[in-house]
Amino acid sequence: MRYVQIVLPLNLKGSFTYKVPDELMPVIRTGMRVLVPFRGKKIYTGIVFEIHDIEPENFVPREVISILDELPILPQEQINFWNWLSGYYLCNLGEIYRFAFPSSLKLESETYLKLKPNVTVDFENLDVNEMYLIQALEVRQLINLTDLEAFIPKKDIIKTINSLIDLQYIEIDEKIGEKYKAKEVAYVKINNSLLDNESLTAILAKLNKAPKQKDLFLLILSKQTENPDAFIKKSDLFEDGTFGHSHFKPLADKNFVEEYYLQKDRLESYEGEIEEIEELSESQKKAKIDIDEAFDEKKNVLLHGITSSGKTHIYLEKIEECVNEGKNVLFLLPEISLTKQITQRLEKKYGRKLGFYHQKLTDFEKVEVWRRIKNNDIQILVGTRNALFLPYQNLGLVIVDEEHDSAYKAREVSPYFNAKDSALVFGSFYDARVILGSATPSVESYYLARKEKMKYIFLNERFGNVQLPEYELINFKEAQDSKKVSGNFSLQLLDEIKRTLEERNQAIILHNRRGYANVLECESCGYVNYCSNCDVVMTYHKSANEMKCHYCGQRASKPRTCPKCHSENLNERGVGVEQIHEEVSKLFPDNEVDRMDVDSMRKKFAYEKLYEKIEDRETDIVVGTQMISKGLDFDHIELVAIPKADSLLYVQDFRAEERAYQLITQVSGRAGRVSGKGKILIQTFNPDHSVFQLIKMNQVSKIYYYFLKERQKFHYPPFTKLIMIELKHRKEDKVNRASQFLGSVLRKYLPEECVLGPEKSQIARINNLYQFQILLKLPRGKNYEKYKSMVLLSLKDFDEITAYQSIKKDVFVDF
């Protein structure tokens, strides 16, 4: 076993073969981190994926430099999962490595400069930048390239370095540095020898001339004698400003007090009272028995529970069972910021056994969670999609809450995988069972459960037998014709809001459009303000008084006059959530109206503050985007109004109707959770639309039957598999030619009816990159694997064309 396959944190295909030196042979194992050279002098942290004795034929492999871990950092189950993920989602192992590991665990060499030993420098022949660099090296021995920018202009750095290398004055060195540092806290205590000798009176006499030092010494002494086992934090002594470091240092110098450090977790754990979980209702008990039976048959479960049916109670019961068996639990959530209530309940039950892992943690905090999972200190981990990659030791249960949520399938960061689907496979590698839970399961999950690929369990009554909310459709066209409207609201809808507020209850208004107005248009010449980086019109945000692009983030101040014809007649077109918020505030001036969208929730603790306001009933009406459909569980919300429901349906996406149903159902679940008198008002120009009528009937099986029939008719998932290939480049003609070429290659290997496109993307240019798409519709089953191998072959043929190597290519499987 002389050779290893190493995965590097680079977006490159496959793994790389290295030779194992004799001294490392007895200790090297799969899953360990190793330092390896790659492309010249650059050094990377790789992961050992395989150990073998097959000598490469075409090249001489380089040697592994050293091993970084005493024990494997990556369990075999994770290695299997990475291999599956790479094969199924057509992504590189290096992409997964980059996404999965906190950057502090991926050591990389940095390029440093140093003086050559015993060199004599002739300063007369050097220019000013070269002189600065030599003088700096004489003082500091090693200098990082980034440090040079402080005293040498950026454009001259490479020229200066090359010149000094040619003169043989300096050389390049690769230095490896472990980035993670444990957090240490300073504590103080009276020197033990002083306490033993009982010479305190003599010490106090010595300190008579320094009263502040004496007072500080007595303070430390009193704390220590009061509670000998307690630790005295150094920072606590200086908290009120009476004492400072200038008083402490002389005491330490005289050996009267001693300073010592202890490692501390960066993440605070819950230290409060531990609570018991509530008793299950009869329907919940029945659902739990069904889950137990499915687990005994080694089947995963789709728990379809209507809103407020108490799915969380069932989760808690299963978590409790799993923990009692000595196994660990992974609780996946779509967004960590919207999960305050569930985490509070888990904290009160499990305290320090509970951990969190999500993108908002700092890198060092991620490393600490990683190490605690590795050492089995955390029994229940609550996390987002990147929590799938932690090194679990004995996983027993995976719960995917709100499994329908699109946040599980982010398209912004590679690898582009669906965390919900991946969790099912991930569980199988650990022999752990998986529960997918939702009030509105995705059509694909519902279809799988109905085909008995997993157990389908339906909870059809709310906890405490509370009634479901009542749906009402308002025909906005009729209201307009009979002049019974005020702005974007019908008078009927306003009367219902008024009645809700008079009864001292709260209301939610959903409008899923950010900003104030979609377009700012010149009435004289028709000019609209386009983003300079993207082919989209910029959205007007009134609160910030600026135009924003929601794709690349570009901002511009709102024009006072038309830039084209200088007319002042600029009109706002389209309605955003800010406009609805402003309108509601004017219609109900005596009530507190709050807004909940991405823009208003940017500040730290903005969610928490709004939650508290709703809970304390300081807020009467919450206006928001889809954000308000998640995680809100309050007693006094009785009304949900959707003033412009049609905008949810008319989107260029075959899942638009499904998403509209999910969003309306989810947000309706916020109403009447205690009273059972919740009401949902859907204001629409088209009340006869199938989706609205089906939602009103509230018969789940009929809704999913309608969705599945539509999907089957047009050959969409779950009846086919979709792969989207997206090509991007700064030059439109180049990416157009490339997409045409790739399309012709795909048609060579695949049947004509399977390849759709290439076409320009819905938005042709984002962030100055032109985008073309090819959609592949492939059959399910055995043929899918055969066709997928053909897709890989086509992509390989495309990659071999040198002219197209600058084209960015993204592949989205199960699009």
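Hydrogens, waters and symmetry mates play no part in the numbers below; they use all other heavy atoms, side chains included. Since the structure is predicted, the reported quantities are computational estimates derived from the model, not experimental observations.
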Counting N and O atoms only, with roles assigned by atom type, does the side chain of [X] sit under 3.5 Å from a partner on the main chain of [Y], one being a donor and the other an acceptor?
X	Y	value
His511	Gln579	no
Glu618	Lys613	no
Asn767	Leu769	no
Arg573	Leu520	no
Thr619	Ile621	no
Glu800	Asp797	no
Asn475	Glu478	yes
Gln626	Leu663	no
Arg711	Tyr706	no
Gln683	Ser490	yes

Using the ring-ring contact (aromatic ring centres under 6.0 Å, His included) criterion, which residues pair with [X]? Sequence neighbours excluded.
X	answer
Tyr471	none
Phe707	Tyr661
His715	none
Phe489	none

Taking only residues two or more places apart in sequence or in another chain, which ones pass salt bridge (Lys or Arg N to Asp or Glu O under 4.0 Å) with [X]?
X	answer
Glu752	Arg747
Glu403	Lys420
Lys542	Glu582
Asp616	none

Is the charged tip of Arg730 near the ring of Tyr770: under 6.0 Å from the six-membered ring centre and within 45° of its axis? no
Do NZ/NE/NH1/NH2 and the carboxylate oxygens of [X] and [Y] come within less than 4.0 Å?
X	Y	result
Asp597	Arg595	yes
Lys809	Glu726	no
Lys13	Asp799	no
Lys713	Glu710	yes
Arg499	Asp495	no
Glu472	Lys679	yes
Arg737	Glu732	no

How are the rings of Tyr650 and His689 set to each other: parallel, tilted or perpendicular (split at 30° and 60°)? perpendicular
Do the ring planes of Phe101 and Tyr97 sit parallel (below 30°), tilted (30 to 60°) or perpendicular (above 60°)? perpendicular
How about Phe798 and Tyr804: are their ring centres within less than 6.0 Å of each other? yes
Show your working on salt bridge (Lys or Arg N to Asp or Glu O under 4.0 Å) between Lys644 and Asp646 and close with a plain yes or no. CA-CA 6 Å; Lys644 298 181 85 67; Asp646 301 299; over 6 Å; no
Cys562 versus Cys525, closest heavy-atom pair with distance: SG-SG, 3.6 Å
Any side-chain donor near an acceptor of the partner, Ser524 and Asn569, under 3.5 Å: no
Can you list everything that forms a side chain to side chain donor-acceptor pair (under 3.5 Å) with Arg513? Sequence neighbours excluded, please. none
Check side chain to side chain donor-acceptor pair (under 3.5 Å) between Glu578 and all other residues, then give those that pass, not counting sequence neighbours. His541, Ser543
Ser794: partners by side-chain contact (heavy atoms from CB on, under 4.5 Å), with sequence neighbours left out: Val745, Leu746, Tyr749
Atom OG in Ser442, atom CG in Asp421: separation rounded to 0.5 Å? 7.5 Å
Quick note, salt bridge (Lys or Arg N to Asp or Glu O under 4.0 Å) partners involving residues 527-536, not counting sequence neighbours, are Asp535-Arg765
